[in-house]
Amino acid sequence: QVQLVESGGGLVQPGGSLRLSCAASGTFFSINVMGWYRQAPGKQRELVATISSGGSTDYAYSVKGRFTISRDNPKNTVYLQMNSLKPEDTAVYYCNAGFDRARNYWGQGTQVTVSS
C-alpha cells in the first residue's frame, strides 16, 4: 500500500523554527490532498494544514501566518515549515495522504516539542 515517513521533528525553543518532511512511497499515480495533523497529550487530533495537488492550502487558525505547507509532487513529499513556534505547538505531528473518501493513509508521527 502507501507508506508515509515523517522527519524533522525535535526540540526547539519558543520562537524557533522547524521544518517537517513527509515522503510517500508505494504504488499510486498521484495524491489528491496531503496534510499535517497534530495531537497533543490529552487532546484530540486536529488539522494543522492541508495542500491539494494543485497547490491550494488550508490552515488551522492557530497556525495561520506562522506555518507554511508545501509539496513536491514529483517527489511525493509534503513539507511543513513552522516558524515562531509556541509551547502550545508541542504535539505529535502526523502526515496524511488522501486519495478519496475510501483511501487515505497516515504516517507514524514525529514529535515536536517547543520548550525553553
Side-chain angles (χ1 to χ4, degrees):
Q1 56 178 36
V2 178
Q3 295 180 338
L4 304 174
V5 180
E6 301 102 331
S7 63
L11 175 65
V12 65
Q13 295 184 9
S17 298
L18 284 174
R19 190 186 191 220
L20 306 182
S21 299
C22 173
S25 62
T27 303
F28 53 84
F29 292 119
S30 63
I31 303 171
N32 184 21
V33 178
M34 301 188 78
W36 290 95
Y37 296 72
R38 68 187 182 187
Q39 187 167 24
K43 293 188 176 182
Q44 297 290 321
R45 187 175 298 187
E46 65 174 349
L47 170 72
V48 177
T50 61
I51 184 167
S52 72
S53 60
S56 179
T57 59
D58 192 20
Y59 296 90
Y61 179 82
S62 61
V63 308
K64 195 169 187 177
R66 300 187 297 120
F67 292 9
T68 302
I69 189 170
S70 61
R71 64 190 285 174
D72 185 332
N73 289 329
K75 293 183 178 180
N76 295 311
T77 300
V78 63
Y79 306 93
L80 185 68
Q81 178 66 47
M82 305 185 293
N83 298 325
S84 301
L85 283 162
K86 304 174 181 179
E88 49 263 46
D89 295 318
T90 296
V92 177
Y93 284 70
Y94 296 91
C95 177
N96 177 268
F99 294 84
D100 51 45
R101 291 185 185 273
R103 296 181 177 86
N104 68 74
Y105 300 87
W106 294 92
Q108 64 185 20
T110 184
Q111 177 71 47
V112 172
T113 302
V114 185
S115 176
S116 60

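- Going from atom OG of S56 over to atom CD1 of I51 covers 8.0 Å, rounded to the nearest 0.5 Å.
- No more than 12 heavy atoms of other residues, nucleotides or ligands sit less than 6.0 Å from atom CD of Q3.
- To the nearest 0.5 Å, atoms CG (L11) and OG1 (T113) are separated by 6.0 Å.
- Between M82 and L20, the shortest heavy-atom contact is CE-CG, 3.8 Å.
- Ion pairing between a basic and an acidic side chain is recognised when a charged N comes within 4.0 Å of a carboxylate O; K86 and D89 show no such pairing.
- Within the 4.5 Å cutoff, the side chain of I69 has heavy atoms near those of the V78 side chain.
- Aromatic ring pairs are classed by plane angle as parallel below 30°, tilted from 30° to 60° and perpendicular above 60°; the pair Y37 and W106 is perpendicular.
- Residues Y79 and T68 fail the side-chain proximity criterion, which asks for heavy atoms closer than 4.5 Å.
- Looking at every heavy atom in both residues, N83 comes nearest to S17 through OD1-OG, 2.8 Å.
- Under the 4.5 Å side-chain criterion, counting only non-hydrogen atoms from C-beta, T90 is not in contact with S115.
- Using a distance-only test at 3.5 Å, with no hydrogens or angles considered, no donor-acceptor pair links the side chain of S53 to the main chain of I31.
- At least one donor-acceptor pair under 3.5 Å links the side chain of N96 to the backbone N or O of Y105.
- Side-chain atoms of L18 and F67, non-hydrogen and from C-beta on, never get closer than 4.5 Å to each other.
- Here the shortest heavy-atom pairing between S116 and P14 reads N-CD, 3.6 Å.
- Here the options are E46, E6, E88, the test is salt bridge (charged side-chain N to carboxylate O under 4.0 Å, His left out), and the partner is R38; only E46 passes.
- Counting heavy atoms from C-beta outward, T110 and Y93 have side chains that approach closer than 4.5 Å.
- No path of Ile, Leu, Val, Met, Phe, Trp and Tyr side chains, each step under 4.5 Å between heavy atoms, connects Y94 with V33, placing them in separate hydrophobic clusters.
- When all heavy atoms are compared, the tightest approach of Y59 to A49 is CD2-CB, 3.6 Å.
- Listed here is the closest heavy atom pair of Q39 and K43: NE2-O, 3.1 Å.
- Residues C22 and M34 come closest through the heavy atom pair O-CE, 4.5 Å.
- Using a 4.5 Å cut-off between side-chain heavy atoms of Ile, Leu, Val, Met, Phe, Trp and Tyr, with links allowed through other members, V92 and V114 fall into different hydrophobic clusters.
- With R103 contributing its side chain and A97 its backbone, the two residues share no donor-acceptor pair below 3.5 Å.
- Between R71 atom CZ and T77 atom OG1 the span is 10.0 Å, to the nearest 0.5 Å.
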